[in-house]
Amino acid sequence: MKKVFYLAVLFIGINTLATAQDDALSSIKKFLKTTYPTTPEDSRNFIYNEIDLNDDGKNEYIGGLIGGEWCGSAGCTMLVLTNAFKLNTKMTVVEFPIYIGAPASAEVTKKYSNLYIVNRDGSVAKMAWNGTKYPTNPSTAPKVNKKIIEGKYKFLNETELAKNKF
């Protein structure tokens, strides 16, 4: 009987997680369609990750927009959305993947995790929260030692994430 109970709890947990991910994807698609309604069909691809950037127990969403409308020789457009799927920061010239500082560590500024972006020239930009949003251009952000990204998980990793369409 215990096995049946545990299997039921496991199934409900997996089902709830899948439903939450479907809800997030649906909400991101709705945001993108509403915010960028005239985007050409070939530029409606995006990747995303969920992460709690401010250690409040609620996920924020980072999205990478992919296609001619969003990408150029210096990188692509990245969005940081709140947990209510509202735009917080729109960054340009972002090279994917990006790296994120650990919560509750020295890699947090004003209670938000720092974002680290490798620029086209190989330098690593520290995108620190200013109390309202992140900087919008990593090529003009402060540079940090490359060692800071060693061993960190890659977010918005195009080779590992499914491309979605809005």
Exercise. How far apart are the closest heavy atoms of Val80 and Leu53, and which atoms are they?
Worked result: CG1-CD1, 3.9 Å

For this session: Over all heavy atoms of both residues, which pair between Gly122 and Lys146 is shortest? Give the atoms and the distance, please.
Result: O-CE, 2.6 Å

Exercise. Just wondering, more than 12 heavy atoms not from Lys165 lying within 6.0 Å of its NZ?
Worked result: yes

For this session: Kindly compute the distance separating CG (Asn130) from NZ (Lys110), expressed to the nearest 0.5 Å.
Result: 6.0 Å

Problem set entry | Residues which pass ring-ring contact (aromatic ring centres under 6.0 Å, His included) with Trp70, listed by chain and number, not counting sequence neighbours | Tyr36

Problem set entry | Criterion side-chain contact (heavy atoms from CB on, under 4.5 Å) on Asn59 and Asn83, from CA distance to verdict | CA-CA 6 Å; Asn59 283 333; Asn83 56 34; 5.8 Å; no

Exercise. Would you call Lys90 and Thr136 a side-chain contact if the rule is heavy atoms closer than 4.5 Å?
Worked result: no

Exercise. Can any side-chain N or O of Glu69 pair as donor or acceptor with the backbone N or O of Ser43 at less than 3.5 Å?
Worked result: no

Exercise. Just wondering, more than 12 heavy atoms not from Lys143 lying within 6.0 Å of its NZ?
Worked result: yes

Exercise. Between Ile98 and Ile51, is there a shared hydrophobic cluster once you connect ILVMFWY residues whose side-chain heavy atoms come closer than 4.5 Å?
Worked result: yes

For this session: Identify whether Tyr61 and Leu87 are in the same connected component of the hydrophobic contact network (ILVMFWY, side-chain heavy atoms under 4.5 Å).
Result: yes

Seminar exercise, completed: Checking Asn145, Asn119, Ile149 against Val124 for side chain to side chain contact (heavy atoms under 4.5 Å, CB included), the one that qualifies is Ile149

Exercise. Mind checking whether Tyr153 and Ile148 sit in one hydrophobic cluster, side chains of I, L, V, M, F, W, Y counted as touching below 4.5 Å?
Worked result: no

Exercise. Which heavy atom of Ile66 sits nearest a heavy atom of Lys163, and at what distance?
Worked result: CD1-CE, 4.0 Å

Problem set entry | Any Ile47 side-chain heavy atom under 4.5 Å of Asn164 side chain | no

Seminar exercise, completed: What one should report as the nearest heavy-atom pair of Pro135 and Ala128 is CD-O, 3.3 Å

Problem set entry | Passing candidate, side chain to side chain contact (heavy atoms under 4.5 Å, CB included) with Tyr48, options Leu161, Leu25, Leu65 | Leu25

For this session: State, with a plain yes or no, whether a side-chain heavy atom of Leu81 is found less than 4.5 Å away from one of Lys86.
Result: no

For this session: Could you walk me through whether Ile100 and Tyr116 pass side-chain contact (heavy atoms from CB on, under 4.5 Å), step by step?
Result: CA-CA 6 Å; Ile100 299 179; Tyr116 300 101; over 6 Å; no

Exercise. Taking the side chain from Asn49 and the backbone from Leu156, do they hold a donor-acceptor pair closer than 3.5 Å?
Worked result: yes

Exercise. Do Glu107 and Lys152 sit within salt-bridge range, that is, some charged N less than 4.0 Å from a carboxylate O?
Worked result: yes

Exercise. Are Pro138 and Val93 side-chain neighbours, meaning at least one heavy-atom pair lies under 4.5 Å?
Worked result: yes

Problem set entry | Arg44 backbone acceptor or donor facing Thr39 side chain under 3.5 Å | no

Problem set entry | Distance in Å, Met91 CE paired with Ser139 OG, rounded so as to fall on 0.5 Å steps | 12.0 Å

Problem set entry | Cluster check Phe46, Leu115: I/L/V/M/F/W/Y, side chain < 4.5 angstrom | no

For this session: Taking only Lys NZ, Arg NE, NH1 and NH2, and the carboxylate oxygens of Asp or Glu, determine whether Glu160 and Lys154 approach each other closer than 4.0 Å.
Result: no

Problem set entry | Donor-acceptor pair between Asn114 and Thr109 side chains, under 3.5 angstrom | yes

For this session: Given side-chain contact (heavy atoms from CB on, under 4.5 Å), test Glu50 with Ile62 step by step and report yes or no.
Result: CA-CA 7 Å; Glu50 303 177 25; Ile62 52 173; over 6 Å; no

For this session: Compare every heavy atom of Gly101 with every heavy atom of Ser113, then report the nearest pair and how far apart it is.
Result: OG-O, 3.1 Å

If you look only at distance, which donor and acceptor atoms sit under 3.5 Å apart when one is on a side chain in residues 27-35 and the other is two or more places apart or in another chain?
from: Ser27; atom 1: OG; to: Asp23; atom 2: O; distance (Å): 3.0
from: Thr34; atom 1: OG1; to: Lys30; atom 2: O; distance (Å): 2.9
from: Thr35; atom 1: OG1; to: Phe31; atom 2: O; distance (Å): 2.7

For this session: Side-chain contact test, heavy atoms from C-beta onward, threshold under 4.5 Å: evaluate it for Val108 versus Asp55 and give yes or no.
Result: no

For this session: Please answer whether the main-chain N or O of Asp56 pairs with a side-chain N or O of Asp52 as donor and acceptor at a distance below 3.5 Å.
Result: yes

Exercise. Is the Tyr99 to Phe155 ring centre distance short of 6.0 Å?
Worked result: no

Exercise. Can you tell me how far CD of Glu158 sits from CD of Glu95, rounded to the nearest 0.5 angstrom?
Worked result: 9.0 Å

Exercise. Do Phe96 and Asn157 come close enough that some side-chain heavy atom pair is under 4.5 Å?
Worked result: no

Exercise. Who are the ring-ring contact (aromatic ring centres under 6.0 Å, His included) partners of Tyr134, not counting sequence neighbours?
Worked result: Trp129

Exercise. Do Thr89 and Met127 have side chains that get closer than 4.5 Å, going by heavy atoms?
Worked result: no

